[in-house]
Amino acid sequence: MKNLLGLLISVALGILIVLALDVSESFPDFGSVEVSERVAEEYFDEDNVNEVGSGNIVTAVVVGYRGFDTLGEVTVLFISALGVALIIGSSKNQKRLDLKFKPNFMLKTGSRIVFGIILITSLYIITHGHLTPGGGFPGGAMIASGMLLLYLADDEFRSNIKGFKILEGLAGSLFVVIGLLGLLLATYFLQNFLPTGAVGDLLSAGIVPIIYILIGLKVGSEISGVIDNFLTEEESA
Amino acid sequence: MIQYIAIILFVFGLYGLLTNRNVIKMIISLNIMEIGLFIFIISVGFVYDGIAPIISSTADLGLLYVDPLPQALVLTAIVIGVGTTALALAFAKSIHNKYNTFNLDEVEEKL
């Protein structure tokens, strides 16, 4: 009975959404959007592109035009990592969960080699965030996935969680410091005060790659901390 | 077409959220709803024959690009989604530690 009611409500809502969007005049048909009539037109303006200097327009929007929004986003991630640590508990005598099998030597060594490759790729993605698809958030998530691999492949591995906490705090503070430097050296918070260079060069776009590197370090260390919190438990001694 | 798939995913997630009483399954339903929304928002900015909004020099500016703004907004939303999922899973773990079950009905009986 409950399932039937849920099904009815879901199907009714789906039909309602489809009908409302189908009838609406202002909602464009799929694929036939006029980008030149939207805000996006401004992002592709030559003067604006030279002002931000980022070849990847999505990065220009996320870190350049909406940098303050990204600061809030990083803060939300920080608060959720803090909440996980508070709920699951991070007292001193934590021990990590046991694996259900005994990892052999080959698995441990092989996972360390793969971890190196993952780390190099994620650093490439982070530093090229203003030129290629990617950036701080996917790169940071890749660093954390490498840490998860080490946790799953080695039953004695435990990351230096204190170092991650320090790195995370440092990267977050530097983000705010760069924003305040923009306020001091230029006119408003998070304004670009460095030369932007030529679009498409690695050393271009002023503060955008610096902020994305800081975001990558912060996201990577935060999600690694969350993984450590999930894979440890209080010692029941 | 892809917009219908996105709406169907959203409705699937809502159905799972309404009918399941298992905390983990509820969190996964919430994630499916999120993914449907992300696909829908990105599809709003799609243009036929448009290419990814990445330029290698200012000479490329005349080409036809897809709308970068929905992609940037979805990037923000994905990160928030990761944060809320991690927090929800932490709640689920602490529920399991205390009541030894993930089912909310059984938790209510033990209250």
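Protein chains get the first letters and strands the later ones, always in sequence-line order, with residue 1 at the start of each. Nothing here was measured: the structure is a model prediction, and the numbers come from that model. All values below come from the heavy atoms of this structure, side chains included, with hydrogens, waters and symmetry mates left out.
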| query | Taking side chain as C-beta onward, heavy atoms only, is Val44(B) less than 4.5 Å from Phe27(A)? | reply | yes
| request: On the 0 to 90° scale, with breaks at 30° and 60°, tag the Phe30(A)-Phe46(B) ring pair as parallel, tilted or perpendicular. | output: parallel
| Greatest number of heavy atom pairs closer than 4.5 Å to chain B - which of Ile9(A), Val61(A), Asn3(A) | Asn3(A)
| request: Determine whether more than 12 heavy atoms belonging to other residues, nucleotides or ligands lie under 6.0 Å from atom CG of Asp105(B). | output: yes
| message | So for Leu73(B), is it side chain, backbone, both, or neither that comes closer than 4.5 Å to the heavy atoms of chain A? | response | side chain
| query | Heavy-atom count around Lys110(B) NZ within 6.0 Å, excluding the residue itself: above 12? | reply | yes
| field | Thr19(B) versus Gly6(A), closest heavy-atom pair with distance | value | CG2-CA, 4.5 Å
| note | Between Val62(A) and Ala72(B), the two heavy atoms sitting closest are CG2-CB, 3.5 Å
| Under 4.5 Å from any heavy atom of chain A - which part of Phe10(B) | side chain
| Which of the residues Phe230(A), Tyr43(A), Tyr65(A), Phe78(A) is involved in the greatest number of heavy-atom pairs with chain B at under 4.5 angstrom? | Phe230(A)
| note | Greatest number of non-hydrogen atom pairs under 4.5 angstrom with chain A, of Asn97(B), Leu89(B), Asn20(B), Thr76(B), falls to Thr76(B)
| task | Identify the two heavy atoms, one from Ser80(A) and one from Leu87(B), that lie closest to each other, and give their separation to 0.1 Å. | result | O-CD1, 3.6 Å
| said: Minimum heavy-atom separation for Thr232(A) and Lys93(B), please, with both atom names. | reply: O-NZ, 3.3 Å
| message | Would you compute the distance between atom CD of Gln71(B) and atom OG1 of Thr59(A) and round it to the nearest 0.5 angstrom? | response | 10.5 Å
| field | CA sep, side-chain torsions, deciding dist, call: Ser94(B), Ile88(A), side-chain contact (heavy atoms from CB on, under 4.5 Å) | value | CA-CA 6 Å; Ser94(B) 75; Ile88(A) 299 188; 5.9 Å; no
| request: Could you tell me which portion of Thr132(A) (side chain, backbone, both or neither) has an atom closer than 4.5 angstrom to a non-hydrogen atom of chain B? | output: backbone
| message | Going by side chain to side chain contact (heavy atoms under 4.5 Å, CB included), Ile57(A) matches just one of Ile55(B), Ile54(B), Asp67(B). Which one? | response | Ile55(B)
| Which answer fits Ile7(B), side chain, backbone, both or neither, if we ask what part of it has an atom under 4.5 Å from a heavy atom of chain A? | side chain
| Can you find a heavy atom in the side chain of Ile87(A) that is under 4.5 Å from one in the side chain of Phe91(B)? | yes
| task | Check each atom of Val11(A) against the heavy atoms of chain B and say whether the ones under 4.5 Å are side chain, backbone, both or neither. | result | backbone
| request: Among the options Gly83(B), Pro53(B), Gly16(B), Ala52(B), pick out the one with the most heavy-atom pairs lying under 4.5 Å from chain A. | output: Pro53(B)
| Tell me, side chain or backbone of Val66(B) under 4.5 Å from chain A's heavy atoms, or both, or neither? | backbone
| Atom group of Leu21(A) that falls short of 4.5 Å from chain B, counting heavy atoms | side chain
| Do other residues, nucleotides or ligands put more than 12 heavy atoms under 6.0 Å from the CD1 atom of Ile5(B)? | yes
| query | chain A heavy atoms under 4.5 Å from Ile78(B): which part of the residue, side chain, backbone, both or neither? | reply | neither
| note | One option among Val76(A), Leu7(A), Leu13(A), Val226(A) has the most heavy-atom pairs under 4.5 Å with chain B, and it is Leu7(A)
